[in-house]
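Since the structure comes first, as structure tokens, the remarks are kept for the end.
Each chain gets a letter, A, B and so on, in the order the sequences are listed, and its residues count up from 1.
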Amino acid sequence: MTTDLDAAERLSSAPAEDDGAGGEVGIGLLGWLRWGWRQLTSMRTALILLFLLSLAAIPGSLVPQTAASPTRVAQFVSDHHTLAPIYQKLGLFHVYSSFWFSAIYILLFVSLAGCIIPRTWQFVGVLRAQPPAAPKHLVRLPVYATWRSGPQGSGAQGSGGTAGGADAERTLAAAEALLRRRRFRVARNGSAITSEKGYLREVGNLLFHISLFGMLIAFAVGKLFGGMGTVLVIEGKAFSNNVAMYDDFMPSTFYTADSLVPFGFRLNKLEASYQTSGTQVGTARNFQADVSYWTGSDPKKSKSASIEVNHPLSIDSSNVYLTNNGYAPVIEVTDAKGDVIFNGPTPCLPQDGNNTSTCAIKVNDGYVDDKGNATQLGFSALFTPTAAPQSEFKTMGPHSIFPELLDPHLYLNVYHGDLGDNSGAPQSIYELDTKHMKQYMLDGQPLKFDRTPGQGFKLPDGGTVTFTGVDQWANFTVAHNPGTGWALGSAMMAVVGLIGSLFVQRRRIWVRAVTGPDGATTVEVAGLARSESARIAEELAEIALELQDTAPADQPDADTAAADTADTAAEKE
Amino acid sequence: MILAEAAIDTKFANISNILVYSAMAVFLLAFLAYAAEWTFGGRSRVARQSAALAAKAGSSLGQAVADAEAEETAARTAPTVAVKVTGAGGSTTTLTRTVAAKAGKVDVVTRGDAAPPVDGVGASGGDEGADRFGRIAVSLTTLAALLNLCAVITRGISAHRPPWGNLYEFTVALTMVASLLFVALLAAGKNVRWMGLPVTFGAVVGLGIAVTEFYVDSEQLVPALHSYWLWIHVSGAMVCGGALYAGAVAAILYVAKDVYETRKAKDAVKAGGWWSDVFERLPAAATLDKWSYRINAFVFPLWTFTIIAGAIWAEAAWGHYWEWDPTETWAFITWVAYACYLHARATAGWKGRKAAILVFIAFACYLFNAYGVSIFINGKHSYAGL
Ligand code: HEM
């Protein structure tokens, strides 16, 4: 194959594959570096890295991840004494931030950069330069057509009705116009026309790969500058955006307690609806939190809005999501003297689909018993919005049979003593630490109560407890995600780029016309496209046909046809 | 208790169930009819002849030239471009007749890098009886696809929402997409009848598993799925699934046929045997490969879009667009696997069978994502409804 053919056939700026056989002379450090870089930026390496990336992503979906669920990781660690430490060492509990996962994608992106930067240059060069000149032997190109257009007469039946054959000049001019009309980029050199089309394939490919960088950067920005927190808010209560208000605050490198901008909202009402019939009774159907919110620190200038699952509320640059909800039984406690020392809701956490909920109600101070001793009270509580009928108690204990408040019951075990919340050790607000507490007893039995709203009971040491009602609470996630718009923009660009890259065909078409000494013009048309395209042959045929308006083909007679066949046979040898 | 009762229309839900069972039965009949076509087509004389002809594909050039001549004589009245055949690299020279036929007046010479794909004659092997089975099979497939479509629509009407809110509905809609795509390709005149057997097989198995393992009554959605992204994201995933199934089937057949063709080239197959009989009627390996590539390349941007739509939804639902939830992770793995495949195609030395193996891996990832993850791994997705 001639070199001009090689140049003509290079139809992609994809780097040429070198199979590592390149004789590297005088290797040295620089040589090795160059060799390493060439390897890293080769397509084969990209392929292997891509494959590794998908393999490396697998364990993160099978092993519990700290970022997603710390409790499941803790569970796993306590269940697997031998495996857990090994997993810990390998970073399997945080795969997507582990060194090996990072190493793979960083290498991949370095490889990508090393691949697309030269490609971009090369492509810019291609755009500046003219399409490569026609190879000498057009006949060697993948698709090819040729015909003779005689000097006079014989081709008169040509569809264009031109009288007689064409000369080379007119044919080429016609071809040029034709190709331009078909939006090819056309150049003329000598007796041939070179044209090329489908540059958008390369543009798309580069756009796609560059967009991957956009996505990576946006992702990194989100990780470094974003953060989130969660907060439980009881109906009627308000939240303001400072770190002390959060139940859980997850900062990042550049998003800390100081980054929180002032805003707030009040939960006016939580609406929840559930399936009431059929096999899916009790399945949640709708949650909606009606809030009033404000920016800045003045709650008086508030607007109202509702937050639903899938419909977060944007305040400033943060989004507020409704993530969970439940009930908060309200209790009033008086001490032995009859003074109200506690009155308020305590959120209980749902334990099942019917909102059987548990909580710990803690009365830290103020309680004085009938002997004048101060003590702390603790209630370990079970709340059922719709209590199961008594008959089910024996087998399953108290539980809820429907998630809404149809027949609310509160079951309490009452303790007194030291709640232990001054010891400094962090304590769950949902659990009672009864190490230093005693349960109230009556007739040798621990004191237990089952109450409906409005009902109360008396404690043996003089106080009273009243279950006055039930509030609802909602759990919110407040998230600050910078870079999201960029990620979306890049991703969209990536899709657009992909469509160009996969569906546009880059192709070249050459036309050569030479008028011989006998006055007859030989027209040759040849085309080249990537192998996935079958269309090039059809396109070439169309062009050849249209060109015959100007340069009609001679009518082949039996002799030439026979000669052609002989020709074929001869060349086949 | 605000809007819970209002919604479900059990009458339509029941109709939908009946339609699902009917579609399954008709798909099964269609499957049997395709099987009959393959079986009876094998005995036909035409099949034998074409096998014999294809066996000496190397000598088909002379044949092609003879054909060209014949046609040229026929078209004598119209001006025709002379046929010129060149011998680049000697033996690899060929003529494409299709192009010339289409254009009518111009013969374009195509130099392939290999012999032109000689497609098999198709399942019926040219046998009239077998062909009748084939046509019955196609009609049955069309009927089943329409029943399946109606099942999805009635399910949607009964619940007043997009009918793909859980694994059962997803699977029923998936078989619908796959079978409708197949019927549409047939209607567009594409030569894809050879896909009938795997398509109806997939539909029967899919619907069977759906009704036995995944069935849930028609109901409203859980709050997490209240989103128009359910329309966009899940239907994207479904169309991808249906098409990727076809892409994977084509890749499997490609590898099988490629192995067969290689062995045949080494004279290692028994001519007229049962296997050779089946393989001879399939399209050429190169054709199957092209189908597989085209389908997968078509799906890749759509899959990318589906993942993006999922990420937008995740942003609205959970507060972050990407959290490496297991479903997200496997969608990513699937995506990377298909990107691998596309790269492999562009890389010398990875074409052909090696690339096809990547398709199997990638499609397995897709399946695992749609089913395995929903069933076995619990993440944030509340989709399965199991
Ligand atoms: C980050 C992960 C990557 C993904 C998801 C990806 C994806 C893709 C896709 C989908 C195509 C289109 C295939 C086609 O045209 O048929 C493509 C083409 C291409 N990719 Fe990548 N790619 C990645 C990384 C890389 C890297 C690291 C390199 C360089 C070493 C690279 C070089 C290329 C080249 C040269 C093409 C064009 C092939 C051609 O023109 O035939 N890609 N890539």
>> Run the side chain to side chain contact (heavy atoms under 4.5 Å, CB included) test on A:V95 and B:T329 for me, step by step, so that the C-alpha distance in whole Å, both residues' side-chain angles and the decisive distance to 0.1 Å come before the verdict.
In response: CA-CA 11 Å; A:V95 165; B:T329 305; over 6 Å; no
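- Between B:W318 and A:T477, the closest side-chain pair of non-hydrogen atoms is not below 4.5 Å.
- Every residue was checked against the side chain to side chain donor-acceptor pair (under 3.5 Å) condition with B:N14, not counting sequence neighbours, and none meets it.
- Only the side chain of B:F332 comes within contact range of chain A, judged by heavy atoms closer than 4.5 Å.
- For A:I48, no part lies under 4.5 angstrom from a heavy atom of chain B.
- Residue A:F219 touches chain B through both its backbone and its side chain, counting heavy-atom pairs closer than 4.5 Å.
- For A:H480, no part lies near chain B; criterion is any non-hydrogen pair under 4.5 Å.
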> Step by step, would you call A:F51 with B:I361 a side chain to side chain contact (heavy atoms under 4.5 Å, CB included)?
Replying inline: CA-CA 11 Å; A:F51 199 70; B:I361 295 175; 4.1 Å; yes
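- Shown here are the salt bridge (Lys or Arg N to Asp or Glu O under 4.0 Å) partners of A:E539, two or more places apart in sequence or in another chain: A:R507.
- Neither the backbone nor the side chain of A:T323 comes within contact range of chain B; no heavy atoms are under 4.5 Å apart.
- Contacts of A:Y321 with chain B are made by side-chain atoms alone, with heavy-atom separations under 4.5 Å and no backbone atom involved.
- Neither the backbone nor the side chain of A:A67 comes within contact range of chain B; no heavy atoms are under 4.5 Å apart.
- In terms of heavy-atom pairs under 4.5 Å with chain A, the best-connected choice from B:A317, B:P301, B:G319 is B:G319.
- The part of A:L488 that comes within reach of chain B is its side chain, from C-beta onward, which places non-hydrogen atoms under 4.5 angstrom from that chain.
- Side-chain contact between A:N481 and B:Y321 is absent, with no heavy atoms from C-beta onward closer than 4.5 Å.
- Only the side chain of B:I312 comes within less than 4.5 Å of a heavy atom in chain A; its backbone stays farther off.
- Aromatic ring centres of B:W322 and A:Y96 lie farther apart than the 6.0 Å criterion allows.
- Note that the CG atom of B:L358 and the CG atom of A:L47 stand 7.0 Å from one another [nearest 0.5 Å].
- With a threshold of 4.5 angstrom between heavy atoms, B:I307 does not approach chain A through any atom at all.
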